[in-house]
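On a predicted model such as this, the values are computed, not experimentally measured, just so you know. Throughout, numbering of the chain's residues begins at 1 and tracks the sequence. For the numbers below, each heavy atom of this structure counts, side chains included, while hydrogens, waters and symmetry mates do not.
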Amino acid sequence: MQEYDEALREQTEKTEIVFQGPIFRVEVAEVRLPNGKTARRDVVRHPGAVCVLPVTKEGEVYLVRQWRAGYRGVTLEIPAGKLDPGETDTREAAARELREETGAVAGRMTSLGDYYGSPAILEERIAMYLAEDLTFGETDFDEDEFLAPVRMPLDDLVREVLAGQIPDGKTQVAALRAYCMRHGLPDGTAL
């Protein structure tokens, strides 16, 4: 596969930053295509993020409802947040977001892999985790964060995902992966 992938590689000729904000920057790149022609690529550079699906031993998940400007509405999603400047330990960042948004501390954190929401234009990599063996304390929302907690069975969340009622991609993927893992289907072979 690698030899085929190499034949698809684009080479960046030049890049220009057209927007620099506090969270991300937008670059316009000129690339050389495999056939030798050039093309323009608009890319949003982002430091990365984490998300975490907290599941109790009874099979309930903790979610949050919040306003999302890009969606222009309220979403139901798993706790998540961006990496702080210089932060590289995604497991630690996921544990922080879990505590801040739900008050939970996990006895066990399992990686659910990475999620790329729109790899054609967005560099953001979201490291996903399953949090289990939960104990609860106080939440600690960010100053500009307004959340409403929601608790429901994982099975109900999966039903909502499959019915198209959960628009948030990272929540969809994490819920389905966690559901498969908890039902002994880590590689999907029994599906």
Side-chain angles (χ1 to χ4, degrees), residues 1-53 66 68-73 75-97 109-131 157-158 160-191:
M1 280 305 224
Q2 235 174 0
E3 65 187 67
Y4 297 112
D5 289 351
E6 194 57 39
L8 299 173
R9 182 179 301 277
E10 298 177 354
Q11 297 296 323
T12 302
E13 301 282 314
K14 64 180 180 175
T15 302
E16 177 186 358
I17 297 172
V18 295
F19 173 79
Q20 178 70 57
I23 298 173
F24 65 87
R25 74 179 182 272
V26 179
E27 296 177 357
V28 175
E30 182 179 302
V31 299
R32 175 101 24 224
L33 302 172
N35 66 2
K37 295 183 180 182
T38 60
R40 174 185 161 147
R41 300 290 186 244
D42 299 336
V43 179
V44 177
R45 301 290 181 194
H46 187 279
V50 295
C51 65
V52 57
L53 178 68
Q66 64 182 318
R68 290 300 197 181
Y71 180 67
R72 294 185 181 152
T75 61
L76 179 64
E77 58 188 80
I78 60 179
K82 68 179 178 11
L83 296 175
D84 289 337
E87 189 171 32
T88 58
D89 188 334
T90 58
R91 183 178 305 272
E92 196 173 284
R96 178 192 68 239
E97 291 298 328
M109 296 272 283
T110 305
S111 174
L112 293 173
D114 292 337
Y115 174 77
Y116 290 83
S118 185
I121 62 165
L122 182 59
E123 178 187 48
E124 180 187 39
R125 174 181 69 98
I126 302 175
M128 301 183 300
Y129 289 91
L130 169 65
L157 175 59
V158 169
E160 288 193 22
V161 166
L162 295 174
Q165 297 172 340
I166 304 292
D168 181 61
K170 69 185 179 305
T171 299
Q172 294 173 9
V173 172
L176 294 172
R177 286 185 183 176
Y179 181 86
C180 287
M181 287 175 67
R182 290 174 62 86
H183 287 82
L185 310 169
D187 61 0
T189 56
L191 294 178

### Message
Walk me through whether L130 and R177 qualify under side chain to side chain contact (heavy atoms under 4.5 Å, CB included).
### Response
CA-CA 9 Å; L130 169 65; R177 286 185 183 176; over 6 Å; no
- Query: Given the rule in the side chain to side chain contact (heavy atoms under 4.5 Å, CB included) test, do I78 and M128 qualify, once you have shown the distances and angles that lead to the verdict?
  - Reply: CA-CA 10 Å; I78 60 179; M128 301 183 300; 5.9 Å; no
(Q) Between M181 and L112, is there a side-chain heavy-atom distance shorter than 4.5 Å? (A) yes
Sequence neighbours excluded, the answer for ring-ring contact (aromatic ring centres under 6.0 Å, His included) partners of F19 is F24
dist E30:CD -> K14:NZ (nearest 0.5 Å) comes out at 5.0 Å
Charged N to carboxylate O under 4.0 angstrom, D168 versus R68?
no
- Side-chain ion pair, K170 and E124, N-O less than 4.0 Å: no
Output yes when R25 and E27 qualify as a salt bridge under the 4.0 Å nitrogen-oxygen rule, no when they do not.
yes
Evaluate I166 against L157 for side chain to side chain contact (heavy atoms under 4.5 Å, CB included), listing each step before the verdict.
CA-CA 8 Å; I166 304 292; L157 175 59; 4.1 Å; yes
The reported gap from CG in L83 to CG in D89 (rounded to nearest 0.5 angstrom) is 9.5 Å
In this structure, CZ of R125 is separated from OH of Y115 (nearest 0.5 Å) by 14.5 Å
| Is a side-chain donor or acceptor of R91 paired with a backbone partner of M109 at a separation under 3.5 angstrom? | yes
Rounding to 0.5 Å, atoms CD (E160) and OG1 (T171) come to a distance of 11.0 Å
A175 and L53 have their tightest heavy-atom pair at CA-CD2, 4.0 Å
d(D114 CG, I126 CD1) to nearest 0.5 Å is 9.5 Å
The reported gap from NZ in K82 to CD in E87 (rounded to nearest 0.5 angstrom) is 9.5 Å
Scanning both residues in full, the closest heavy-atom pair of A7 with P34 reads O-CB, 3.3 Å
Around atom CD of E92, are there more than 12 heavy atoms from other residues, nucleotides or ligands closer than 6.0 Å? no
- Task: I would like to know whether T12 and E10 meet side chain to side chain contact (heavy atoms under 4.5 Å, CB included); could you show each step before the answer?
- Result: CA-CA 7 Å; T12 302; E10 298 177 354; over 6 Å; no
Scanning both residues in full, the closest heavy-atom pair of A94 with Y129 reads CB-CD1, 3.5 Å
